[in-house]
A.B. asks: 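Before I ask anything, let me first share the structure, which is written out below as structure tokens.
Keep in mind that the numbers below use all heavy atoms, side chains included, and drop hydrogens, waters and symmetry copies. Because the structure is predicted, anything quoted here is derived from the model rather than measured. Every number for a ligand or one of its atoms is a count from 1 in the order of the listing.
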Amino acid sequence: MKKRHKYIFVVGGVMSGVGKGITTASIGKILMARGLSVNPVKIDPYLNVDAGTMNPIEHGEVFVLDSGLECDQDMGNYERFLDITLPSLNYMTSGMVYRTVIARERALEYGGKCVEAVPHIPQEILKRLEASVKKSKADVTTIEVGGTVGEYQNILFIEAARILKLKNPGDVLFVMVSYLPVPSKLGEMKTKPTQYAIRTLNSYGVHPDIIVARSERPLDARRKEKIAESASINPDHIISAPDIDSIYDVPINFEKDGLSKTLLKLLSLKTKKDSDMRGWHDFVKRAHGVKKEVKIAVIGKYFKTGDFALSDAYISVLESLKHAGAKVGVKVVADWLDSEPYEENPKNLKELDNYAGILIPGGFGGRGIEGKISAIGYAREHKIPYFGLCYGMQLAVIEYSRNVLGIKDANTTEIDQKTKNPVVDIMPEQERNLKLGAYGGSMRLGAWPAVLLEGSRAKLAYGSSTISERHRHRYEINPSYVEALEKAGLVFSGMSPDKRLAEIIELPQKVHPFFLATQFHPEFKSSPLNPHPLFVEFIKAAANFKIAK
Ligand code: GLN
């Protein structure tokens with residue numbers, strides 16, 4: 001008999017931002033540990049066609065797939081937790097779904113019918129889901145529905161899930177991730193908002209099979225019973241998920257509650273394998289066990305934004321630092337430093353003396369740029385390990401051109417369109433996009449190959465001559481300046497196979513303990529079990545760096 005595919009929908013109750021993505025990734029992890037293959041899908045209910053046009057400080061990091069799709073940061077959580085590479089099919093937004101339906105209507109493909117939100121939108125959602133299931137050949141698909149129950153935006157996705165369950169009895173499960181507040185004046189955990197959320201979900205014709213109860217504290221027996229009774233579910237199906245320090249503990253905690261066993265039982269899935277998460281346990285143990293702290297300055301334009309917003313906007317960078325830290329055996333402490341004070345007074349750069357490494361991540365636009373360039377110069381001259389990502393590489397080339405090559409007005413045309421020395425410049429095809437106002441999905445995106453220079457630090461780190469890394473940018477190092485920069489000592493250690501595009505720059509080890517920057521985003525390809533080699537080398541250099549004071 002053909003094995004029936006199983007589906008686990010993860011929906012949010014009460015409020016968003018309490019860890020639906022990590023819950024979904026962790027469910028995938030514990031099922032994989034049982035020998036099953038898992039296909040994670042993320043649904044975002046907004047009308048944007050992809051996440052590329054959204055401000056990361058407000059909406060979180062824009063993650064990029066090999067395919068070039070710009071998507072939600074949860075896709076990054078899935079890839080990191082499960083060590084898999086996801087295709088575009090595993091991400092959908094309302095914008096994508098509506099766009100397809102409307103295009104089909106324009107092409108007269110509905111045969112003269114009135115095209116309506118129901119049934120045509122759920123039909124398209126299910127079609128996309130089916131395509132992803134087919135391509136994946138997995139045993140189980142997890143589908144995380146963005147937002148919370150009760151919002152207008154995700155109703156049609158939940159309706160699609162209801163229909164799927166109706167057509168596949170026994171094969172579809174609903175997990176609701178809820179939140180139980182502990183109001184400080186009361187000091188007591190309240191279940192009422194969760195009860196309302198369950199009732200709202202019920203009104204859609206959907207019943208939660210499992211409730212993940214997020215809260216500051218663990219759920220006690222009394223509250224478990226209360227929710228169980230009001231939701232008419234077995235108390236064993238309510239999982240207590242209190243706040244914890246590390247997201248990587250979540251799958252381990254789920255297993256302590258026997259969640260994979262419950263999921264297998266509810267889905268009538270048989271597997272002979274006991275849960276095997278040895279590698280994961282090792283990583284978590286190592287990450288918790290490290291004592292020596294290594295302080296890294298992450299420099300950007302962080303005007304009026306809290307630490308919380310920033311750690312979401314740069315989640316892949318922060319996680320990659322943690323992966324590398326666990327590998328090297330140090331605890332990485334990342335501080336957000338604003339580059340604008342360096343523009344106001346160069347003396348402010350002195351604060352960088354307190355750090356064992358400086359990282360400049362990706363970015364766009366002009367604010368804080370001169371400050372970032374000064375910080376790079378400071379790292380170069382004071383031999384503080386420096387790692388630049390995307391904009392962090394373009395700005396390093398500007399710094400080198402100005403201060404080593406002596407081209408004082410070197411700049412990027414992103415900032416100064418009329419500069420006489422565009423060492424970083426826009427490519428003709430990108431210029432056309434901007435003229436047409438075609439901003440969405442039009443940068444150099446996704447996986448591109450690069451060839452590494454023999455004997456370079458990059459080649460040594462990767463251990464292979466060709467690599468594939470993910471990009472997201474419009475501007476490139478201007479090839480007309482490469483020869484002069486090389487003569488001045490900058491090493492172009494990674495180039496596109498046609499040698500047209502610069503992908504990695506570095507300074508030789510005898511000149512600087514670690515000065516390396518990439519045009520791509522290595523942070524999109526690091527995971528706990530496979531930390532990215534360049535992050536590892538950077539953290540190694542930082543761990544060996546002696547802070548002057
Ligand atoms: N703003 C730069 C560009 O568009 C860098 C982008 C980035 O850092 N992701 O090329």
A.B. asks: Testing the 3.5 Å rule here: is there a donor-acceptor pair between the side chains of Ser480 and Asn478?
C.D. replies: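 Side chains of Ser480 and Asn478: pair found under 3.5 Å.
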A.B. asks: According to salt bridge (charged side-chain N to carboxylate O under 4.0 Å, His left out), does anything in residues 401-426 pair up with another residue at least two apart or in another chain? List the pairs.
C.D. replies: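 Listed by first then second residue: Glu370-Arg402.
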A.B. asks: Any donor-acceptor pair under 3.5 Å linking the side-chain atoms of Glu319 with those of Tyr248?
C.D. replies: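 Yes.
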A.B. asks: Go through the structure and list residues passing ring pair (Phe, Tyr, Trp, His ring centres under 6.0 Å) with His521, not counting sequence neighbours.
C.D. replies: Phe524
A.B. asks: Using 30° and 60° as the class limits, which term best fits the ring planes of Phe535 and His532: parallel, tilted or perpendicular?
C.D. replies: perpendicular
A.B. asks: Measure and list all N/O to N/O distances between ligand 1 and the protein that fall under 3.5 angstrom.
C.D. replies:
from     : atom 1 : to     : atom 2 : distance (Å)
ligand 1 : 1 (N)  : Gly363 : O      : 2.9
ligand 1 : 1 (N)  : Glu414 : OE1    : 2.7
ligand 1 : 1 (N)  : Glu414 : OE2    : 3.0
ligand 1 : 4 (O)  : Arg474 : N      : 3.0
ligand 1 : 8 (O)  : Gly363 : N      : 2.9
ligand 1 : 8 (O)  : Gly363 : O      : 3.4
ligand 1 : 8 (O)  : Tyr391 : N      : 3.0
ligand 1 : 9 (N)  : Arg472 : O      : 2.8
ligand 1 : 9 (N)  : His521 : NE2    : 3.2
ligand 1 : 10 (O) : Gln394 : NE2    : 3.0
ligand 1 : 10 (O) : Arg474 : N      : 3.1
ligand 1 : 10 (O) : Tyr475 : N      : 2.9

A.B. asks: Please list, one pair per line, the donor and acceptor atoms closer than 3.5 Å that link side chains of residues 45-52 to other protein atoms, with sequence neighbours excluded.
C.D. replies:
from  : atom 1 : to    : atom 2 : distance (Å)
Tyr46 : OH     : Asp44 : OD2    : 2.9
Tyr46 : OH     : Tyr91 : OH     : 2.8
Asn48 : ND2    : Thr53 : OG1    : 3.3
Asp50 : OD1    : Gly52 : N      : 2.8

